[in-house]
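The structure presented is a predicted model; accordingly, all values stated were derived computationally and were not measured.
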Amino acid sequence: MKILANAARQNPFRTVAAILSIILFALAAAYHFYPDDHSPKLTKEEQTWLKKHQTIRLGVTPSTRPLEYFGGKAQYKGMVADYMNILSDRLGINFEVVETTNLKKLLQKAEDREVDIIAAFWANPATIKYMNFTRPYLVIPTVILVNKNVKEYLQLEDMEDMDLALPKSNAVIDYVRKYYPRIHIQPVYNYLAALLHVSFDEIDATIISLPQASYFIEEKGITNLRVAGHTDYQIFHRIASRSDWPILNSILQKGLDSITQDERDRIYRKWITLDQHYISFLLQNKQFWAYFIGITLFIILFVAFIISWNRTLQKRVNESTKELKKELNARVRLMTAIEQSQDGIFIISTEGILEYMNPSFERMSGYSMEEVEGRHVSIIRSDRERPEFFSEIWSHLVQGQVWRGQTTYRHKTGRDYEVDLSISPIYDDTGEMTGYVEVARDITEQLLMEKQLRQSQKLEELGTLAGGIAHDFNNILAAILGYAELAMPTLEKGSRAYSNLGRIINSASRAKEMVHQILVFSRRRKPDKNRVDMVPLLSEVINFLQMSLPSTIEMRSNINISEASIIGESSQVHQVITNLGTNAAYAMEEQGGILTLTLDRITLGDDTIVNSGKLEPGAYLKIGVSDTGSGIPEDIINKIFDPFFTTKPQSKGTGLGLSMVHGIVGSMNGGIRVTSNPGEGTLFEIFLPEAEDEPRPENPVEDSVISGSGHVLLVDDEADMVSIGEQMLSELGYTVEGVYDSREALKRFKDAPRKYDLLITDQTMPHMTGDRLSRAIHKIRPDLPVVLCTGYSSALDNISPAEAGIRGILHKPFSMAELSRIISRVLG
C-alpha cells in the first residue's frame, strides 16, 4: 500500500492505469474461472425423481452418420450423442445406450418399456400414443446435390424436366410428390446409391440433409458433387420419453432449454462442413457478388503493389500443389471403391477395345487383365445374342446416351451367364467422348430362382383348380361305385350284366386313383407313403416298357445296387418312371434308338441345384432315364414342366405328364435335372432321398365286409349318397335314418339324443358343414361317435383327431368293405 501511495504522489496517471489494469485482469480471470451457470432449474419433485432414476435407458436408431452411430470400441457418437452428453452432465443422468436395427424395432422396445427415451425421433409424434415428446431441439435443413457438371443454381420449381433420385420409403418422396408433382422421381435403395447415380451423371440430382451430404462428400470421398440449392423441407428431431413418466419429459425439456446457442453452434460446426444458408446466399444475392468482386479487385490491386511477384507466384504454386494432392487422393479413393466393388466394372475405348477391368469382373469372366487388355470386347460376349442387338447398343452409345438392359456374357470356360448391364459414356476435360464404362452384375442364379417361382405359382393354380373339382367328382364316383357294388349281388355271376358292372367298378376305381394322384400332385392331399423297394420296382417297369416298346428301340438297364428303398407311394414312383420312359420312346419313334434306365446311390452336398430348386444335403437314389432321340430344343426346355405344355399332336398328349412327374417328385422331397443336346438325346435324372430305417411290412388290406348292429344317423346333401348309404348300411345289419339337411339332422337328434349309436355325416354341406354339425351334437351327447365323410375339403386339415367326437374320416368314393371296417373300428 505504501508503494502505491508513493507511486500515486509521483505519477497519479500511471497509478490509475495500473489500478484499472488490475481490475480488468481480475474481471477476466473471474469470467474465465467462473463461467455462467447454465444448470437447469429443477423443482424439488424433479430432483427427487432424478435421484431415484439416475440410469435412463437410451434407445438409439441404426447408424445414421453423422446424427448418431457407433464408432470404434462401440462408442456412441454423433450430433445427437453430443446433445445427450450435455444433458448427462447438466442433469446428472447416466444414459444406458440400447441399440436396435431399425426404427420399427426401436418403437416396439419403447412400447414394451424396454427403453425409456429415444434420442432422435424424427417421425410424426401424433401417431405415437405411448410416448411424450420435447420440442424440436435439432432442425436439419435439406439441400439439392448435383454433379459438378451442372453449373447453375437450382430450385425445385425449376426441375420439372429433371430426374430426382430419392431413397425408397423416405418422407421426402411424399413432400416432392405433394408440392412438386411434375418432377420425375427415380426411387433408389438408399442415399449412397442416389449419390453414386448423381456422381456418375446417370440421374440429375438428389435431395439430402446437410449432415448426410457432409458425411458422404467428406468421408466417402465423392468429390464430383456440389450443393446447387436448398429446399423448404426440414427434418425435426425431438426426444421421445415414455408416457408413464411425464416428469421425465419435463426434466429433459428443461435440460434442452439450458443448452446455449454457442453450444448448439459448436455441435453444428463440428459435424456439418456444408452450410446451405451461406451457399444459397452466395448463389442468389447478386449485390453481394458485385461487392465481393469489387472488393476482390481492390485487394488484388493493393496486394500487387505491396507484395512481390515472386511471393505471389510461389503462393499460387503451393495452392495448385495442394489441389493436385487433394484431387489425387480423391482419385485414389475412387479407384479403391471400384477395386472393392462387388459388381464387375470394365472400361472400353470408343472402338470397343478393353482397357481396364476390376477384380470382380475378373472373377466373373474368368479372364485376367493381362489376357484381355488390348483385345475387342466381343471376347467376353456370347454369340447367343443377335448382331442387331449389339448394333442397337452402339447406336445409343455413339449418341452419348446411357444403355441399360440384360445380355449374355461368355465365361472363359465357355459357359454362358446372364448379366444386368449398364453402359455409360466417358468424357475428357474438353467434352470429347473417350470411351465407355460398363457395370455388370451376374444375375444367372437370380433368373433361375425367378423361373422356379413362376413354376411353383403355376402348379399352385393347377392345385386350386384340382381342389375345386375333387369334391363334386368324388361324389359322382361314389354314386357310380356304390350303385354298381349294390347291384352286383343281384346278378348271376358270369352273366353279361355282372361282367359289365365289374368293368364299371374297375373304371371308376381308376378314376378315383386319378383324382387322388391329381390332389397329391397339386399338394392338396398327402400320398399314402410307405417303404418302396426300388430294385424290384425298376425291374417291373423295365418289363412293362419292354413289352410296350417297338422293335426299333433297344431297352438297356444299369442297376448298380442290389438293395435300395425310399419312403413314398409305389404307384407314384411307377408312374414317374413309366411316364419318362414313354416320353423317351416317343422321341425315338421315327428313327429308333436306345432307351437306358439306371439306378445309383449318391451323396449330395449343400450346393446341388436342380429344376425344382436346391436339394438338402444327404444320401439320395439317382434314377436316370436317357434316350438317343432328337433332344429338346433350347427354346422350350424351360417350359417342359409347365401344366398343359406339350409338343405332341393333340391325339398323343395332354401336357400333364411331366407336370405330374414334377409334382410327385417334389412331394417326396426330391428333385429333377434334365440335360439335352439337340440331335444327340435327352437325360432325365430323378433324385429321391434314400430311406434310412429298416423295412417295415405293410399292413394287408382286407376286402371282406364286417356286419354289425345299431342305429345310424346318416347325413348328406346328395340324394344319391343318402340312398347308397342307406342300402349299404342295411346290408351290413344296421338301422339307418337318412337325412338330406344338416339342420334337420340336428333337430331330430335334439328330439331323441339317445336313439342313435353312430353319426355318419358329409363334410361339405350347405347351411352347416359336417364338423360344425359334429360339434353341435357333441355338446348334447359327448359319447356319440362320429364318422366324417368327404370327397375333398381343405377344412379337414384343421380338424384334430377325436375332435367333437370324430372317430374316423372316410374318403369318397368308398366301398362297402371300407365302410364296414371303419364303423366296426369306431363302435369297437
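Here I239 contributes atom CD1 and M131 contributes atom CE; the two are 10.5 Å apart, rounded to the nearest 0.5 Å. The OG atom of S209 sits 5.0 Å away from atom CD1 of I235, with the distance rounded to the nearest 0.5 Å. The line from CG of L42 to CG of L91 is 6.0 Å long, rounded to the nearest 0.5 Å. If you take CZ on R266 and CD on Q261, they are separated by 11.0 Å, rounding to the nearest 0.5 Å.
Remark: the Y427 side chain and the E432 side chain contain no N/O donor-acceptor pair separated by less than 3.5 Å. N249 and Q253 share no donor-acceptor pair across their side chains, judged by distance under 3.5 Å alone. Judged by distance alone, the side chains of E371 and S368 do bring a donor and an acceptor atom under 3.5 Å apart. For the 3.5 Å distance criterion, the side chains of E46 and S250 qualify, holding a donor opposite an acceptor.
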Can you give the donor-acceptor pairs under 3.5 Å from side chains of residues 187-206 to other protein atoms, not counting sequence neighbours?
| residue | atom | partner | partner atom | Å |
| --- | --- | --- | --- | --- |
| N190 | OD1 | L192 | N | 3.3 |
| N190 | OD1 | A193 | N | 2.9 |
| Y191 | OH | I207 | O | 3.0 |
| H197 | ND1 | E202 | OE1 | 2.7 |
| S199 | OG | N224 | OD1 | 2.8 |
| S199 | OG | N224 | ND2 | 3.2 |
| D204 | OD2 | D163 | N | 2.7 |
| T206 | OG1 | A165 | O | 2.5 |

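Residues I128 and L107 are in side-chain contact: their nearest non-hydrogen atoms beyond the backbone lie under 4.5 Å apart. You'll find the side chain of T260 stays beyond 4.5 Å of the side chain of D265, heavy atoms only.
For Y76, the ring-ring contact (aromatic ring centres under 6.0 Å, His included) criterion is met by F70, not counting sequence neighbours. Remark: Y367 pairs with no residue by the ring-ring contact (aromatic ring centres under 6.0 Å, His included) rule, at least two apart or across chains.
Checked by atom type and distance alone, the side chain of D420 never pairs as donor or acceptor with a backbone atom of Q406 at under 3.5 Å.
In this structure, Y69 and W271 have perpendicular ring planes: the angle between them is above 60°, well past the 30° mark.
A salt bridge is absent between E96 and R57: the closest approach of a Lys/Arg side-chain nitrogen to an acidic carboxylate oxygen does not fall below 4.0 angstrom.
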Pair R90-S258, side-chain hydrogen bond (donor to acceptor under 3.5 Å, both in side chains): steps then yes or no: CA-CA 8 Å; R90 297 268 168 87; S258 70; 3.2 Å; yes
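Here the rule is side chain to side chain contact (heavy atoms under 4.5 Å, CB included) with S241, and of V115, I247, N132 only N132 fits it.
Residues F121 and F133 place their aromatic rings such that the two centres sit under 6.0 Å apart. Aromatic pair W394/Y436: centroids less than 6.0 angstrom apart.
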